[in-house]
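Shown next, in structure tokens, is the structure this report addresses.
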Amino acid sequence: MDALVGQLSELGHATRRTVGVDPAAALADVRAYAEPDVALVVAVDDTLGQAVAVVDALRRCAYAATVPVILAVDASALRTVPACAAADEILVLGAPLDEVRLRIARAWQRAGATVDGEVLVCGGLRLDPATHATTIDGHTVALTPLEHRLLRFLLLHPSRVFTREALLDRVWGHAHSGAARTVDVQVRRLRARLGPEHGSRIETVRAVGYRFCPDAGEARTARA
């Protein structure tokens with residue numbers, strides 16, 4: 001477990017550990033992050049059944065349902081992982097760093113993101129989480145840190161509808177006390193910075209919230 005935490009740190013991920021197999025505790029820790037990149041559920045010794053239960057709990061929770069989930073197991077337990085396990089990826093404990101990086105990238109892809117290395121890509125729009133650089137057709141787009149987090153979150157969850165309250169929770173942080181109208185203002189500003197083609201990908205779902213449409217041909221212009 002310590003070795004895996006070290007690998008995650010080497011890949012640039014801040015980590016938070018929950019010791020035990022209580023699904024409620026796992027959900028509480030996921031909520032502690034405004035925007036978790038990925039959840040790794042580690043099964044050691046004879047805890048595979050409990051670990052699978054934690055994965056299922058994450059999938060049933062509306063808040064955590066869109067968080068990519070990786071189930072990490074010992075090589076000896078790999079053959080006993082249930083076929084119905086809801087994890088996006090399976091990782092064998094002790095795998096080399098490149099394998100860990102690959103599994104995380106695949107988990108992101110299966111959660112809906114198009115990943116080119118560690119860069120999120122949608123047509124000519126590219127966002128690099130490591131450098132906070134956003135470009136459209138090679139031209140830099142200047143985003144504020146909040147706009148960057150909002151765009152990154154939407155890119156990671158294409159076509160999925162989020163209420164304004166959910167976006168406040170996931171992007172601003174669950175302790176944020178701002179009104180839902182704050183989301184409308186930031187979405188309008190982000191659309192303006194991305195321009196007509198890519199800004200129109202951020203679609204308003206009437207009486208619900210927002211979603212990011214990865215296919216520009218299907219996206220329609222919408223205003224907050």
Side-chain angles (χ1 to χ4, degrees), residues 1-122 126-131 149 152-160 170 214:
M1 182 64 179
D2 289 338
L4 179 57
V5 171
Q7 289 176 317
L8 293 172
S9 297
E10 190 171 347
L11 291 173
H13 297 281
T15 59
R16 182 185 181 97
R17 294 177 62 174
T18 296
V19 179
V21 291
D22 179 12
L27 291 174
D29 268 7
V30 169
R31 286 190 65 87
Y33 280 108
E35 186 189 349
D37 288 328
V38 65
L40 277 91
V41 180
V42 181
V44 294
D45 300 327
D46 58 349
T47 63
L48 178 59
Q50 294 95 324
V52 170
V54 170
V55 172
D56 290 342
L58 290 170
R59 282 289 176 256
R60 290 194 302 269
C61 174
Y63 175 82
T66 57
V67 177
V69 179
I70 298 175
L71 177 62
V73 301
D74 289 319
S76 60
L78 189 59
R79 289 181 295 178
T80 61
V81 174
C84 61
D88 295 297
E89 273 291 323
I90 306 294
L91 173 69
V92 176
L93 290 171
L97 185 65
D98 285 345
E99 177 73 9
V100 176
R101 179 187 291 109
L102 175 62
R103 295 296 172 182
I104 292 174
R106 286 183 176 177
W108 282 344
Q109 287 177 312
R110 290 179 178 177
T114 302
V115 181
D116 179 7
E118 294 184 351
V119 178
L120 301 176
V121 181
C122 184
R126 297 169 63 89
L127 183 149
D128 187 340
T131 63
R149 292 199 304 272
R152 180 170 179 265
F153 180 80
L154 293 172
L155 283 170
L156 282 168
H157 307 97
S159 301
R160 301 184 184 184
R170 299 291 297 274

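Numbers for residues simply follow the sequence, beginning at 1. Treat the numbers as computed from the prediction; the structure is a model and nothing was measured.
Considering all non-hydrogen atoms of both residues, L48 and A77 come closest at CD2-O, 4.1 Å. Here the shortest heavy-atom pairing between C122 and P214 reads SG-O, 3.4 Å. The shortest non-hydrogen separation linking P68 to D88 is CA-OD2, 3.2 Å. Shortest non-hydrogen contact noted between L93 and A43 is CD1-O, 3.9 Å.
A donor-acceptor pair is defined here as one N or O able to donate and one able to accept, closer than 3.5 Å; no such pair exists between the side chain of D128 and the backbone of V119.
The CD1 atom of I104 sits 10.5 Å away from atom CD of E99, with the distance rounded to the nearest 0.5 Å. Here CG of L154 is found 11.0 Å from CG of L120. Values are rounded to the nearest 0.5 Å. The line from CZ of R103 to CG of L91 is 7.0 Å long, rounded to the nearest 0.5 Å.
Checked against L71 for a side-chain contact (heavy atoms from CB on, under 4.5 Å), the options V52, L40, V42 give a single hit: V52.
Not counting sequence neighbours, the partners of S76 by the side-chain contact (heavy atoms from CB on, under 4.5 Å) test are D74.
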Identify all side-chain donor-acceptor contacts of residues 1-12 below 3.5 Å with residues at least two apart in sequence or on another chain.
unit_1	atom_1	unit_2	atom_2	d
D2	OD1	R17	NH1	2.8
Q7	NE2	A95	O	2.9
S9	OG	V5	O	3.1

